[in-house]
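Since the structure comes first, as structure tokens, the remarks are kept for the end.
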Number of protein chains: 2
Amino acid sequence: MQRIGPAEIQSLAPAGHYIALRIGFAFPVEEINALPLDWVDHYTKNRYMLFDPIIRWAYSSVGALRWSEIPIDDPRKIISQAQTFGLRYGAAISVFDGNAAGQRSFGSFARSDRDYSDLEINLLHAYVKRRHAEMAPPTNLTMAELEALGMVRDGKRLKEIAFDLGVTEGAVKQRLKNAKIKLGAKTGTQAAALASQYGLI
Amino acid sequence: MQRIGPAEIQSLAPAGHYIALRIGFAFPVEEINALPLDWVDHYTKNRYMLFDPIIRWAYSSVGALRWSEIPIDDPRKIISQAQTFGLRYGAAISVFDGNAAGQRSFGSFARSDRDYSDLEINLLHAYVKRRHAEMAPPTNLTMAELEALGMVRDGKRLKEIAFDLGVTEGAVKQRLKNAKIKLGAKTGTQAAALASQYGLI
DNA sequence: CATTGTGTTCTCCTTTGTGGAGAGTTTAGA
DNA sequence: TCTAAACTCTCCACAAAGGAGAACACAATG
């Protein structure tokens, strides 16, 4: 299987695409929205998210299929409305690795000219799977590290954290240092933001 | 209208309640989950969120009503399943203030013995409205302040931020100081985390 | 025109956080 | 069991962030 990137995605989905990576409880860690602006506007204004059969399929299934094959009814006629915005044929990809955080990623890709071939669907599937894997949060942070990080996020100073935890300030510093390395963060602030986004704290 | 607090909520919803405050794109700023643990477990395992008629009503409406009056069909029989967990009668409240961020809050309250009276519904409605208002994010942060805050979150140092923005380090400090005051944060880290949670950056 | 408020810049000083080097203690595997 | 890796803690030097006060520019307001 060849390795594809954003440029290939662009040519595989000339009418637009949407990718949500690492959806935890409800929100993605990263979102790529390359859908037509007028469609996004219409979709948002009408709060279609909860009624979109593609989203509902993606949340409850794993795999890849064409929009035309989605086995969920569409009371608001969202798919046929999308067609009037150029999103005529599409493919949906849903990836889920059953990890502790239960994170899921999905992508929706569209073109106007013809339906997707099996090969193309496989390419898109591989792409979303790869992006999903790349965004995997580190799982090797210790409880001590996450605990300190959470307290930093909540505005506590190292001295205060040390007192609350009953350890020295140096120990807290080391825990945060480790956390920063594991998260690939440059500062404590970034480490806290990342851990928060990953749902670790 | 009397002002009610958590204790009154407890007695108004002896079978459990759930409140999600300030849902932006999809996730709440604060979540209070006082529903029976076995029901939460069952609900989560079956990914009922997208099919729950109460959630779907709350996302698409504003106001208050009894579960029995919800005008959305329930293909997965979630409401009748809830009854077997003691959530027999319930009220749903949805609050939306049409602000820039488009944030919405909702609550779901349950009891086993009898349905809710109009007075009780009004009390619950007032409570959710008040909590919603209390959680309103500050809207008075300037673009300069948010810009600096976003860069801090992304792991940049003040010196680096100052260089990138073409201002002095002192100016950056001042912007962050203002941001901290407006957000009620003790440290820059907390300010960044809060702004991120509020969807400001 | 004066006033008020906001944003920018500066200085001086204190407190806090960061980075490096190292050592004792568990834990997991060969 | 021995070893390596991971975890925890300590100490120090230095860089960065935080806090207070004051001056200046500018726009909106009265």
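The sequence lines fix the lettering, A, B, ..., with proteins before strands; numbering per chain opens at 1. Heavy atoms only: backbone and side chains are in, while hydrogens, waters and symmetry mates are out.
Position along DNA chain C of the nearest nucleotide to B:Ala144 versus B:Arg157 favours B:Ala144 as the more 5'-ward residue. With the nearest nucleotide of DNA chain C identified for both A:Gly188 and B:Gln174, B:Gln174 has the one nearer the 5' end.
Of the possible polar contacts, one joining the B:Asp52 side chain to the B:Ile54 backbone as a donor-acceptor pair under 3.5 Å is found.
Nearest heavy-atom pair, B:Ala148 versus B:Arg175, reported as atom, atom and distance to 0.1 Å: CB-CB, 4.5 Å.
What separates CG of B:Leu165 from P of C:dG7 is a distance of 15 Å, to the nearest Å. Taking atom CD of A:Gln190 as the reference point, atom P of C:dT18 lies 11 Å away to the nearest angstrom. For the pair A:Leu141 CG and D:dC7 P, the computed distance is 9 Å after rounding to whole Å. B:Met143 has its CE atom 13 Å from the P atom of C:dG7, to the nearest Å. Atom CD in B:Glu169 sits about 11 Å away from atom P in D:dG18, given to the nearest Å. Note: CD (B:Glu145) to C1' (C:dT8) measures 12 Å, nearest angstrom. Atom CD in A:Glu147 sits roughly 10 Å away from atom P in D:dT8 (whole-Å rounding). If you take CG of A:Leu176 and C1' of D:dA17, they are 16 Å apart, rounded to a whole angstrom.
Side-chain contact between B:Asp115 and B:Arg66 is present, with heavy atoms from C-beta onward closer than 4.5 Å.
Using a 4.0 Å cut-off, no side-chain N or O of B:Thr187 falls inside it from OP1 or OP2 of C:dT16. Remark: B:Arg175 is not in phosphate contact with C:dG7, judged by side-chain N or O atoms under 4.0 Å from OP1 or OP2. Residue A:Thr142 has a polar side-chain atom (N or O) positioned under 4.0 Å from OP1 or OP2 of D:dT8. Regarding contacts with the backbone of C:dG19, a side-chain N or O of A:Lys180 is found under 4.0 angstrom from either OP1 or OP2.
Contacts of A:Gly170 with the nucleic acid, taken as non-hydrogen atoms under 4.0 Å apart, include base atoms. Nucleic acid contact class of B:Lys173 (heavy atoms, under 4.0 Å, all strands): base. As judged by a 4.0 angstrom heavy-atom cut-off over every strand, B:Lys159 is placed among residues touching the sugar-phosphate backbone only. Using a 4.0 Å heavy-atom cutoff across all strands shown, A:Lys182 reaches sugar-phosphate atoms only and no base atom. Contact annotation for A:Asn140: backbone-only contact, meaning every heavy-atom pair under 4.0 Å involves sugar-phosphate atoms and none involves a base.
Using a 3.5 Å distance cut-off with no hydrogens or angles, the side chains of A:Thr187 and B:Arg157 do not pair a donor with an acceptor.
Checking C:dC10, C:dG22, C:dG19 against the side-chain heavy atoms of B:Thr168 singles out C:dC10 as nearest.
Residues B:Tyr48 and B:His42 bring their aromatic ring centres within 6.0 Å.
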